[in-house]
Amino acid sequence: TETILWKGGTVMSEQKSNEQHRKETAAKIWLYYYNRVLYEKGVITERERNKMALKIDNWKISPQIC
């Protein structure tokens with residue numbers, strides 16, 4: 001049996017929610033990686049790296065992407 005969750009006012013299955021969480025986590029890993037590489041290569045400053053890290057922390061994947 002599939003559990004139904006309320007998320008953002010819409011009904012989502014637990015399976016879909018888990019898949020969305022997995023995709024969001026994978027995307028954040030890549031974003032953190034590229035952010036670090038850009039900093040290490042001198043393309044962005046430490047301040048820019050820190051600002052981007054905060055944005056990545058707060059980023060949520062769009063439901064249309066899933």
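Position 1 is the first residue of the sequence, and the numbers go up from there.
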Enter the distance from Lys55:NZ to Asn50:CG here, rounded to the nearest 0.5 Å.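 One finds 12.5 Å between NZ of Lys55 and CG of Asn50.
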Does Glu48 form a side-chain hydrogen bond (donor to acceptor under 3.5 Å, both in side chains) with Thr45? I'd like the steps, not just the answer. CA-CA 5 Å; Glu48 290 169 321; Thr45 65; 3.3 Å; yes
Mind checking salt bridge (Lys or Arg N to Asp or Glu O under 4.0 Å) for Arg22 and listing every partner two or more places apart, or none if nothing turns up?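 Once residues adjacent in sequence are excluded, Arg22 has no partner under the salt bridge (Lys or Arg N to Asp or Glu O under 4.0 Å) criterion.
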Name every donor-acceptor pair, under 3.5 Å, that has one atom in a side chain of residues 29-38 and the other anywhere in the protein, sequence neighbours excluded.
residue	atom	partner	partner atom	Å
Tyr32	OH	Asp57	OD1	2.0
Asn35	ND2	Arg49	O	3.1
Arg36	NE	Glu40	OE2	3.3

Out of Lys28, Lys23, His21, which one pairs with Thr25 under the side-chain contact (heavy atoms from CB on, under 4.5 Å) rule?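 That would be His21; it is the only one of Lys28, Lys23, His21 passing the side-chain contact (heavy atoms from CB on, under 4.5 Å) with Thr25.
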Residues in side-chain hydrogen bond (donor to acceptor under 3.5 Å, both in side chains) contact with Glu24, at least two apart in sequence or another chain: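 side-chain hydrogen bond (donor to acceptor under 3.5 Å, both in side chains) check on Glu24 returns nothing, list empty.
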